[in-house]
Amino acid sequence: MARFRTWVGIAVAGALTLSLAGCSSTGGKRAEDARKAAAARGGAAVTTPRWTFAMITHSGDGDTFWDIVQSGAEEAAAKDNINFLYSHDDEAQQQAQLVDAAVDKKVDGIIVTLAKPDAMKAAVARAVKAGIPVVTVNSGSAESEEFGALTHIGQDETIAGQAVGEELNARGRKKALCILHEQGNVGHEQRCAGVKETFDGTVQNLYVTGTSMPDVQSAIEAKLQADTSVDAVVTLGAPYADTAVKAKQGAGSDAEIDTFDLNAKVAAGLKDGTLGFAVDQQPFLQGYEAIDLLWLYKYNADVLGGGKPVLTGPQIITKDQAAALEEYTKRGTR
């Protein structure tokens, strides 16, 4: 458990860094007062120019995780007087073209994910060459600085995976399935590799077609039926946790279902014991801070992180914390 506390400490330190960057003993209240005043008069909380920031992610259609990221960005954009443009495509080449389109529009800042960094490198380079500040978010922490981004906001995927391995050890698990729902996503590979580094048991990767939940369910169910020694299933996204639960039930398995990411259904599953634990990387914070950091750079040439990623996770959420977070998951901010 000593090593597990290390991961929690890292997550807390990352969150604390962001908190300290956003407020002082009185600044937080002033910021909140300004936000409320701006909302009351229908305007922004700042008087800086109305810059345009574009966020381009690798999200597929209907992914609730990215709804939360977008919600955080929109909240910060309203406060910072930003014209916010959001687009996404789960095909890397299409995502790169969306970045090119934002460059052609001469936006004032770009926020981009690097789930498949090789395909995104040239597009990010064009943005940087055009003098557009770039912040990477969620995926691509290892490539962010190399590609010329100001900073990266998210969780270190290897550290997050290592935290999962330690938590599985603490729960006495012996054999885990790591469910990868997006082929080629380097962050997903890093998560499962991190689990293997610290888990005392064995880990098997199971690749599924994440765009088809029936296929995901049947693949997990078949694996659990074929190998009854599997006592833990780790999904890499909140929407897949419920599907894994159905697969477990269909297979008659006793495996514990654990997941990366948090939403209202996951919080409910943690409360009623359907799920064991979740790894929260705080997507609302990723979107919010990405906008805020671009605004700070444009306004004051500030760069947070000192060249290192700004961590928003991992935070291990169990039944004990689920009730306190349920309110926020229902409103779509956790």
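Every value quoted in this text rests on a predicted model; they were computed, and no experiment measured them.
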- prompt: Checking side chain to side chain contact (heavy atoms under 4.5 Å, CB included) for the pair His58/Lys116: CA distance, chi angles, key distance, verdict?
  reply: CA-CA 9 Å; His58 64 278; Lys116 298 173 182 177; over 6 Å; no

Spacing of [atom1] belonging to [X] relative to [atom2] belonging to [Y], to within rounding of 0.5 Å:
X: Asp320; Y: Ile316; atom1: CG; atom2: CD1; answer: 13.0 Å
X: Arg191; Y: Gln155; atom1: CZ; atom2: CD; answer: 5.5 Å
X: Ile110; Y: Leu150; atom1: CD1; atom2: CG; answer: 11.5 Å
X: Asp280; Y: Leu285; atom1: CG; atom2: CG; answer: 9.5 Å
X: Thr333; Y: Glu327; atom1: OG1; atom2: CD; answer: 8.0 Å
X: Asp104; Y: Gln97; atom1: CG; atom2: CD; answer: 11.0 Å

Determine whether more than 12 heavy atoms belonging to other residues, nucleotides or ligands lie under 6.0 Å from atom [atom1] of [X].
X: Asp254; atom1: CG; value: no
X: Lys121; atom1: NZ; value: no
X: Glu143; atom1: CD; value: yes

field: With Phe53 via ring pair (Phe, Tyr, Trp, His ring centres under 6.0 Å) - residues at least two apart
entry: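 Phe53 satisfies ring pair (Phe, Tyr, Trp, His ring centres under 6.0 Å) with no other residue.
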
Tell me, do [X] and [Y] make a side-chain contact under 4.5 Å, heavy atoms counted?
X: Val279; Y: Thr259; answer: no
X: Trp66; Y: Tyr86; answer: yes
X: Gln162; Y: Ile159; answer: yes
X: Trp295; Y: Thr48; answer: yes
X: Leu262; Y: Leu270; answer: yes

query: Is there a donor in the side chain of His152 and an acceptor in the side chain of Thr136, or the other way round, less than 3.5 Å apart?
result: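 Distance-only check passes for His152 and Thr136.
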
message: Quick one about Gln70 and Glu74 (side-chain donor to acceptor, distance below 3.5 Å, no hydrogens or angles considered), yes or no?
response: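 Glu74 vs Gln70: donor-acceptor pair found between side chains.
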
task: Using the six-membered ring of Phe284, assess whether NZ or CZ of Arg334 lies under 6.0 Å from its centre and within 45 degrees of the ring axis.
output: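 Relative to the ring axis of Phe284, which defines the angle, Arg334 lies outside at least one limit.
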
- prompt: Given Ile56 and Ile111, is the side chain to side chain contact (heavy atoms under 4.5 Å, CB included) satisfied, shown in steps?
  reply: CA-CA 6 Å; Ile56 304 103; Ile111 301 159; over 6 Å; no

query: Hey, mind stepping through Val137 and Val112 against side chain to side chain contact (heavy atoms under 4.5 Å, CB included) and telling me if it holds?
result: CA-CA 6 Å; Val137 65; Val112 66; over 6 Å; no

Taking [X] first and then [Y], would you say they form a salt bridge - that is, a charged N and a carboxylate O separated by under 4.0 Å?
X: Asp227; Y: Lys223; answer: no
X: Lys174; Y: Asp200; answer: no
X: Lys248; Y: Glu256; answer: no
X: Lys79; Y: Asp292; answer: yes

query: Which is it for Thr318 and Gln321 under the side-chain hydrogen bond (donor to acceptor under 3.5 Å, both in side chains) test, yes or no, and what are the steps along the way?
result: CA-CA 6 Å; Thr318 65; Gln321 295 88 39; 2.9 Å; yes

message: Using the rule given for side chain to side chain contact (heavy atoms under 4.5 Å, CB included), can you reason through Thr57 versus Asn138, listing the C-alpha separation, both sets of side-chain angles and the distance that settles it, and then say yes or no?
response: CA-CA 9 Å; Thr57 75; Asn138 179 260; over 6 Å; no

task: Please confirm whether the backbone N or O of Ala115 pairs with a side-chain atom of Thr113, one donor and one acceptor, at under 3.5 Å?
output: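 Not a single qualifying donor-acceptor pair exists.
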
